2 protein chains.
Amino acid sequence: MIDLGRLRALHAVASYKTVLAAGEALHCTPSAVSQQLAKLERETGTTLVEKDGRGLRLTEAGRLLAQHAERVMATVDEAEAALAAHRDTVVGRLTVVAFATACRALLPWALHKLAAEHPQLSTGLIEANPHEGLEALHRGHVDLAVLDDWPEVALRYPPGIAHVELGWDVADLIVPSGHATAGTTTLAQLGSERWISAKAGDICHEWLVRVLPGVQPDFHVGEFETQLTLIAAGLGVAIIPRLARPPQLPTGVRIVAINPAPRRRVVVAWREAAAARPAIKAAERALRESWDQASAARASRTVNAPA
Amino acid sequence: MIDLGRLRALHAVASYKTVLAAGEALHCTPSAVSQQLAKLERETGTTLVEKDGRGLRLTEAGRLLAQHAERVMATVDEAEAALAAHRDTVVGRLTVVAFATACRALLPWALHKLAAEHPQLSTGLIEANPHEGLEALHRGHVDLAVLDDWPEVALRYPPGIAHVELGWDVADLIVPSGHATAGTTTLAQLGSERWISAKAGDICHEWLVRVLPGVQPDFHVGEFETQLTLIAAGLGVAIIPRLARPPQLPTGVRIVAINPAPRRRVVVAWREAAAARPAIKAAERALRESWDQASAARASRTVNAPA
DNA sequence: CCGAGGATGTAGGGTCGCTACATGATTGAC
DNA sequence: GTCAATCATGTAGCGACCCTACATCCTCGG
């Protein structure tokens, strides 16, 4: 395979007519250019230049190869330009993993915005709990992870994974309307309730049994909406994060604030190796906007129609 | 400018999926491939590969650059192929310098044949005496020289110039029909003739004054046909090479053989540096055929209509 | 839990390419 | 005609680079 440096030397000589000028253009001595040409001739087994007075002249073969050298160099330039453009462009495929509530409350808007602003970006979404999400991210199966991180069962971020906090999601106790509880309570007072919780293995369930040792939930359902239905039926109580709470609570349930409020951090994480990728940054921005928007919507609901 | 070896490494990894296999394909160790990739990443400031389990996986940017690498390598291959084809093809421009008689007697047929057999070759012809021709060849103004080389004023071939003999061209004395000379003579007997010769500086003139010291030609004309006309007018005698003799001698002149016959070597010369060029070889072959044809034509004329 | 398989660091040696200088060749000017 | 300027090209030496060998780390499968 012909060496690129030699082609550059030949092309420079073809352009500047003299080894001296070519050397200046290539920022080296004429001797270096001459040696490159000699090696190119040896390697190709072709005479490329001929003496012409005190200068030199390209042979037919030399001109031919110089033309091709120009094409090669142009192709290399295209490659560099494409790479540089890629560096500044939101392109390619971006797969996001997110916990269930985020999939419903944050991702639709964020992914829609990404698609609208960056038509060259194709996106994908996978629902998974934070542990699975972090694993998938670490293994490179996904490019971005949206995780809920309960302080009491804090996630461990492997080295090479960067993460930032979108914000805190507070959780409240939801009880049947007729339940005998004040407007505010503490976790310690809740030991004897009948509990509705997520499925075993889910981080919300882990969290519950961690903060209320000894509690054995009787109902295990994955979706918070289903939990609310069960609560409305008077079967028990549950702790439901506000992000997961539907805009309109079903009738028959009541919100009880817990003090101190249980809360989870919502974070977005990516591989540090991919941190510079514009698609990653754009997605993080979109998620943050989506978060702010969801927070604002909750705030306005609280003002207009206090829970 | 991106290094070609690094692009080859990236492309091999893209093709073979693993650094190990890429190393085998490139006939080097996986460590070398890995280092090339690392350097390519450093030089481009882009992440090109990511870990994937115990193997690795190309990033978007890596795939992009690998595609361009394929194009670059294809372009380089084209250059090599074009050069290889050029090595075996009669193409380009071939300029020939020849002495006057050769321009008339050899070159038309030879150049016509070259053009017919090699449409991609464009030719040129310059008339010049052997000294000028050798100079032009040496300086690279022409690619091929057809020279007449009189042993008595032998040419000096500079180093780097190769030459082969086409054949010997014998010269005869041409005298007016009524001239008092036998059918054969010697140079020594011709000291007192009135001489018709080429212009001063021409090699034929140089040759004449060299072999007949003291002779001072009275007539100096460049073309042998004109010399024949002068001879027919009874103004003097001349020595005319057979190659220059027209098929039909004008009336009023007679051929006298000289013993030993004066003769000149007709040679074709080229720069050794260009010896491998197919166009040179083809032209030399064409000239030799042209020479043989001219010799055969003279021979048949001699048989059918003895001079 | 351990072994196989794969990537990637580190040290060392060999090659390659460049620089500086000298040489050869050619041109143009005085 | 001679001399100086210009240009290409050899040679020696030095530095950079690249590759190999070996060790290490990580991951996957039993």
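Throughout, a chain's letter reflects where its sequence line sits, starting with A, and its residues are numbered from 1. The structure displayed is predicted, hence computed values, not measured ones.
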Show me the donor-acceptor pairs, under 3.5 Å and distance only, between side chains in residues 91-101 of chain A and residues at least two apart or in other chains.
residue: Arg93(A); atom: NH1; partner: Ser122(A); partner atom: OG; Å: 2.8

I need the [atom1]-[atom2] distance between [X] and [N], as an integer number of Å.
X: Arg42(A); N: dT9(D); atom1: CZ; atom2: P; result: 13 Å
X: Leu4(A); N: dC18(D); atom1: CG; atom2: C1'; result: 17 Å
X: Arg6(A); N: dC16(C); atom1: CZ; atom2: P; result: 9 Å
X: Gln36(B); N: dC17(D); atom1: CD; atom2: C1'; result: 10 Å
X: Leu26(A); N: dG17(C); atom1: CG; atom2: P; result: 14 Å
X: Leu48(A); N: dA8(D); atom1: CG; atom2: C1'; result: 16 Å
X: Lys39(B); N: dA16(D); atom1: NZ; atom2: P; result: 13 Å
X: Asp52(B); N: dT27(D); atom1: CG; atom2: P; result: 11 Å

* Can you tell me if Thr75(A) uses its side chain to pair, donor with acceptor, with the backbone of Arg71(B) under 3.5 Å? -> no
* To do: Give a yes or no on whether the backbone of Val142(A) and the side-chain of Arg271(A) come within a donor-acceptor separation of less than 3.5 Å.
  => yes
Are any protein N/O atoms closer than 3.5 Å to N/O atoms in nucleotides 5-12 of chain C? If there are, list each pair with its distance.
residue: dA7(C); atom: OP1; partner: Thr18(B); partner atom: OG1; Å: 3.0
residue: dA7(C); atom: OP1; partner: Val19(B); partner atom: N; Å: 2.6
residue: dA7(C); atom: OP2; partner: Thr18(B); partner atom: OG1; Å: 3.3
residue: dA7(C); atom: OP2; partner: Leu20(B); partner atom: N; Å: 3.0
residue: dT8(C); atom: OP2; partner: Ser34(B); partner atom: OG; Å: 3.0
residue: dT8(C); atom: O5'; partner: Ser34(B); partner atom: OG; Å: 3.4
residue: dG9(C); atom: O6; partner: Ser31(B); partner atom: OG; Å: 3.0
residue: dT10(C); atom: O4; partner: Gln35(B); partner atom: NE2; Å: 3.4

* Can Lys39(B) and Asp3(B) be counted as an ion pair, charged N to O under 4.0 angstrom? -> no
* Asked: Take atom CZ in Arg8(B); do more than 12 heavy atoms of anything else shown fall under 6.0 Å from it?
  -> no
* Asked: If you look at every strand shown and take non-hydrogen atoms under 4.0 Å, does Arg57(A) touch a base, only sugar-phosphate, or nothing?
  -> nothing
* Results of side-chain contact (heavy atoms from CB on, under 4.5 Å) for Asn129(B) - residues two or more places apart only -> His131(B), Glu132(B)
